[in-house]
Number of protein chains: 2
Amino acid sequence: MLIAIDERDTRPIYQQIVSQVKEQIQRGELQQGDELLPVRELADSLGINLHTVRNAYLKLRDQGVINLRLGRRARVARPRRIPATATEADMALGGQLRELAADAFLLGLSADELHALLDRHLAHGSPPESDSKEKK
Amino acid sequence: MLIAIDERDTRPIYQQIVSQVKEQIQRGELQQGDELLPVRELADSLGINLHTVRNAYLKLRDQGVINLRLGRRARVARPRRIPATATEADMALGGQLRELAADAFLLGLSADELHALLDRHLAHGSPPESDSKEKK
DNA sequence: CATATTGTTATATAATGCTTATAACACTTT
DNA sequence: AAAGTGTTATAAGCATTATATAACAATATG
């Protein structure tokens, strides 16, 4: 399943799980119908409580990302693919877009630079990977 | 000052203030050297506690967005404009970029569509406004 | 200089959110 | 029937967020 908790990440654990599951779907590592790890199993493997994992799964269900049914394993839901007009999509991502735009601006990034940066994550979902230092 | 608390926003109040100040700077409504509202004044106008506003100002100071000096009003700091290499910028925005990319993907947005959406917020910071039948 | 303004520090308290801990229950699969 | 899995329930601990007061320190104002 390849989920890891990052201590340096200030977000709550369940949020990190939510994000990572979404990213795995984006990268194609998880596809429609695929089974997620059982809550107890994932919880044990991460050394956390069952309910923390379950909370993450509940959030994913509420966002339509996975399906939950009693007795059966959690499965990746059918893509919603709501055609979303521009303004509809903006409703869903509005907060993130505004925050990203403001933060990027304060970093002195141009629109092109930000686009390029974003493309890196859109392609396959894999980040830069570079560890701390990097050659220029 | 034009700051408003959104009850539907799940983020803490101080975070909303942080975001809105940043967005005002991005839009040019606040510029280098401009004074922010005094903590007590903003707190009163929002009907919240002094320390909640102060907490927001502290976070903004920690991010280099504003300067705080005893006895003087908070002022918008000189732009940091750290030239930031691509990977440096990614370090700062990495989490936001990954999350946005994944969420956009799950919404079925193409790279172009996401770029266009992002541009709306980059231009002036003002959201939608122009709605119509968009091409998909 | 005197006073008001403003950021800062210090306590204390309450409310909420996150995580853990146990246990039992309900549905599905084997 | 048994095992696996999601679900519900209850409780507790801890961190974060927000509130409430009060006093202090540096700056601005008159």
Side-chain angles (χ1 to χ4, degrees), chain A residues 1 3-21 30 32-78 95 99, chain B residues 1 3-22 30 33-78 95 99:
Chain A
M1 192 69 161
I3 284 187
I5 298 174
D6 183 356
E7 303 294 345
R8 301 164 307 176
D9 196 327
T10 60
R11 292 176 305 168
I13 296 174
Y14 81 90
Q15 263 293 354
Q16 294 188 37
I17 296 174
V18 166
S19 293
Q20 290 184 40
V21 168
L30 278 179
Q32 173 182 181
D34 283 354
E35 293 176 347
L36 277 68
L37 285 187
V39 286
R40 290 174 183 79
E41 201 169 324
L42 180 54
D44 287 350
S45 80
L46 294 177
I48 63 178
N49 191 271
L50 173 162
H51 290 101
T52 301
V53 173
R54 172 156 164 78
N55 193 5
Y57 282 17
L58 284 178
K59 293 292 188 298
L60 286 168
R61 183 201 58 183
D62 292 345
Q63 296 177 29
V65 178
I66 66 175
N67 292 323
L68 294 177
R69 285 170 54 189
L70 221 179
R72 305 197 57 176
R73 294 193 178 177
R75 297 175 105 91
V76 176
R78 171 162 41 81
E99 201 146 343
Chain B
M1 193 65 162
I3 284 188
I5 298 174
D6 183 356
E7 303 294 345
R8 301 164 306 176
D9 195 328
T10 60
R11 293 176 305 168
I13 297 175
Y14 82 89
Q15 264 293 356
Q16 295 187 37
I17 296 175
V18 166
S19 294
Q20 291 185 39
V21 169
K22 286 182 182 176
L30 279 179
D34 283 354
E35 292 176 347
L36 276 69
L37 285 187
V39 285
R40 290 174 183 79
E41 202 169 324
L42 180 54
D44 287 350
S45 80
L46 295 177
I48 63 178
N49 191 272
L50 172 162
H51 291 100
T52 301
V53 174
R54 172 157 164 77
N55 194 5
Y57 282 16
L58 284 179
K59 293 293 189 296
L60 286 167
R61 183 200 59 182
D62 292 346
Q63 295 176 30
V65 178
I66 66 176
N67 292 323
L68 294 177
R69 285 170 55 189
L70 221 178
R72 305 197 56 177
R73 293 192 177 179
R75 288 172 174 281
V76 177
R78 171 163 39 83
E99 203 146 340

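So you know, we letter chains A, B, ... as the sequences are listed, proteins then strands, and number each from 1.
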> Under the 3.5 Å rule, do the base of dG6(D) and the side chain of R40(A) count as making a donor-acceptor pair?
Replying inline: yes
> Considering only heavy atoms and no angle criterion, is a donor-acceptor pair shorter than 3.5 Å present between the side chain of H51(B) and the base of dT9(C)?
Replying inline: yes
Rounded off to whole Å, could you give me the [atom1]-to-[atom2] distance for the [X] and [N] pair?
X: L36(B); N: dT5(C); atom1: CG; atom2: P; result: 19 Å
X: L50(A); N: dT8(D); atom1: CG; atom2: P; result: 13 Å
X: D9(A); N: dC18(C); atom1: CG; atom2: C1'; result: 14 Å
X: N49(A); N: dA11(D); atom1: CG; atom2: P; result: 17 Å
X: L58(A); N: dT8(D); atom1: CG; atom2: C1'; result: 11 Å
X: N55(A); N: dG6(D); atom1: CG; atom2: P; result: 15 Å
X: Y57(B); N: dT9(C); atom1: OH; atom2: P; result: 17 Å
X: L60(B); N: dG7(C); atom1: CG; atom2: C1'; result: 15 Å

Would you please confirm or rule out a distance under 4.0 Å between OP1 or OP2 of [N] and any side-chain N or O of [X]?
X: Y14(A); N: dT19(C); result: no
X: R73(B); N: dG7(C); result: no
X: R54(A); N: dT8(D); result: yes
X: T52(A); N: dT20(C); result: yes

>> Can you tell me how far apart CG (L36(A)) and CD1 (I3(A)) are? Round to the nearest 0.5 Å.
In response: 7.0 Å
> Measuring from R11(A):CZ to D6(A):CG, what's the distance to the nearest 0.5 Å?
Replying inline: 8.5 Å
>> For a quick check of understanding: with a heavy-atom distance under 4.0 Å over all strands, which category does R69(A) fall into, base, sugar-phosphate or nothing?
In response: sugar-phosphate
Contacts table for residues 60-73 of chain A: side-chain donor-acceptor under 3.5 angstrom, sequence neighbours left out:
unit_1 : atom_1 : unit_2 : atom_2 : d
Q63(A) : OE1    : K22(A) : NZ     : 2.5
R73(A) : NH1    : E35(A) : OE1    : 3.4

>> Reading DNA chain D from 5' onward, which residue's closest nucleotide shows up sooner: L68(A) or P12(B)?
In response: L68(A)
> Below 4.5 Å, heavy atoms only, C-beta onward: do K59(A) and N55(A) meet side chain to side chain?
Replying inline: yes
>> Do L46(B) and L37(B) make a side-chain contact, defined as non-hydrogen atoms from C-beta onward lying under 4.5 Å apart?
In response: no
> With nearest nucleotides of DNA chain C determined for K59(A) and G71(A) from heavy-atom distances, which residue corresponds to the more 5′ nucleotide?
Replying inline: K59(A)
